[in-house]
Amino acid sequence: QVQLVESGGGLVQAGGSLRLSCVASGSIFSINTMGWYRQAPGKQRELVASITRDKSTNYVDSVKERFTISRDNAKKTVYLQMNSLRPEDTAVYYCNVNLSDYTLRYRPYWGQGTQVIVSS
């Protein structure tokens, strides 16, 4: 049984910072790529950032130089440090983790979502 638990969302003023965390637990054999998605009201869910097992990263252009994705493999945790936040960053953020349980088959798992609201 696998579970992803997110934390760190909240209300922040423009220019402020938040750090999101997502912890995987349960019957986990191995974790591959981890990432963060977001979905704003009336918009499609988009990939914000991803990070591979060897810590190679990718970002959507709108967050480059402002957001940093990182991971701690020992803690089975992925983070998203968000600096210089803008109102257009307002969305529900979801972590996504590709992992295998003891079936040894990789599958995607999703966190419950955490709300980020950036006020002007």
Side-chain angles (χ1 to χ4, degrees):
Q1 320 305 320
V2 175
Q3 183 173 243
L4 305 183
V5 178
E6 301 180 25
S7 62
L11 175 64
V12 65
Q13 293 183 2
S17 298
L18 287 172
R19 191 192 194 206
L20 307 183
S21 299
C22 176
V23 182
S25 63
S27 183
I28 299 170
F29 181 79
S30 183
I31 298 177
N32 197 3
T33 302
M34 310 173 85
W36 290 93
Y37 289 71
R38 67 186 180 187
Q39 188 165 24
K43 293 189 176 181
Q44 194 173 18
R45 186 174 298 188
E46 67 172 348
L47 177 64
V48 178
S50 64
I51 182 167
T52 65
R53 185 181 297 170
D54 64 354
K55 301 186 180 181
S56 177
T57 60
N58 284 289
Y59 300 91
V60 68
D61 285 345
S62 61
V63 309
K64 288 180 178 177
E65 310 302 325
R66 299 190 298 120
F67 292 9
T68 302
I69 188 170
S70 61
R71 64 190 285 170
D72 186 326
N73 291 333
K75 296 181 179 179
K76 299 181 178 65
T77 301
V78 61
Y79 306 94
L80 187 66
Q81 178 67 47
M82 304 185 293
N83 298 326
S84 302
L85 282 162
R86 304 166 181 169
E88 52 263 41
D89 295 317
T90 296
V92 177
Y93 285 70
Y94 300 89
C95 69
N96 174 268
V97 178
N98 291 286
L99 60 83
S100 68
D101 59 16
Y102 291 97
T103 68
L104 307 182
R105 299 274 293 177
Y106 279 96
R107 295 178 176 86
Y109 290 82
W110 291 90
Q112 80 279 10
T114 184
Q115 179 76 61
V116 172
I117 300 175
V118 184
S119 63
S120 60

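As the structure is a prediction and not an experimental result, all values here were calculated from the model.
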*Would you say L47 and Y37 make side-chain contact, with heavy atoms under 4.5 Å?*
yes

*Any side-chain donor paired with an acceptor under 3.5 Å for S30 and Y106?*
yes

*Could you tell me whether the side chain of Q3 and the main chain of A24 form a donor-acceptor pair under 3.5 Å?*
no

*Flag side-chain contact, heavy atom, 4.5 Å: R107 against D101*: yes

*Could I get the full list of side chain to side chain contact (heavy atoms under 4.5 Å, CB included) partners for R86, not counting sequence neighbours?*
R66, E88, D89

*May I ask you to test the Y59-T68 pair for a side-chain heavy-atom distance under 4.5 Å?*
yes

*With side chains defined as the heavy atoms from C-beta onward, is the minimum distance between V116 and L20 less than 4.5 Å?*
yes

*Any side-chain heavy atom of D72 within less than 4.5 Å of one from Y79?*
yes

*asked:* Nearest 0.5 angstrom please: R19 CZ to M82 CE, how far?
replied: 11.5 Å

*Under a single-linkage definition using a 4.5 Å side-chain heavy-atom cutoff for Ile, Leu, Val, Met, Phe, Trp and Tyr, are W36 and V12 assigned to the same hydrophobic cluster?*
yes

*asked:* Between E6 and G113 (side chain of the first, backbone of the second, donor and acceptor by atom type, cut-off under 3.5 Å), is there such a pair?
replied: yes

*Any chain of hydrophobic side-chain contacts (each under 4.5 Å) joining V60 to L18?*
yes

*Could you check whether the rings of F67 and Y93 sit parallel, tilted or perpendicular, using 30° and 60° as the cut-offs?*
tilted

*Test applied, side-chain contact (heavy atoms from CB on, under 4.5 Å); reference residue, V78; option that passes from S21, S70, C22*: C22

*For the atom pair CG (N98) and OG1 (T52), what is the distance rounded to the nearest 0.5 Å?*
11.5 Å

*asked:* Check whether T90 reaches the backbone of V118 with its side chain - one donor and one acceptor, N or O, closer than 3.5 Å.
replied: yes

_Measuring from atom CD of E65 to atom CG of N83, what distance do you get when rounded to the nearest 0.5 angstrom?_
11.5 Å

*Looking at I28, I31, L4, which one forms a side-chain contact (heavy atoms from CB on, under 4.5 Å) with Y109?*
L4

*Do you know the tightest heavy-atom contact between M34 and V97?*
CE-CG2, 3.8 Å

*Would you list the pairs meeting salt bridge (Lys or Arg N to Asp or Glu O under 4.0 Å) in which at least one residue belongs to residues 46-57, sequence neighbours left out?*
R38-E46

*Can you see which heavy atom on S17 is nearest to which on S84, and at what distance?*
OG-N, 4.3 Å

*For residues S27 and Q1, determine if any side-chain heavy atom of one lies less than 4.5 Å from a side-chain heavy atom of the other.*
no

*asked:* Which residue is it: T33, I69, N58? I am looking for the one with a side-chain contact (heavy atoms from CB on, under 4.5 Å) to I51.
replied: I69

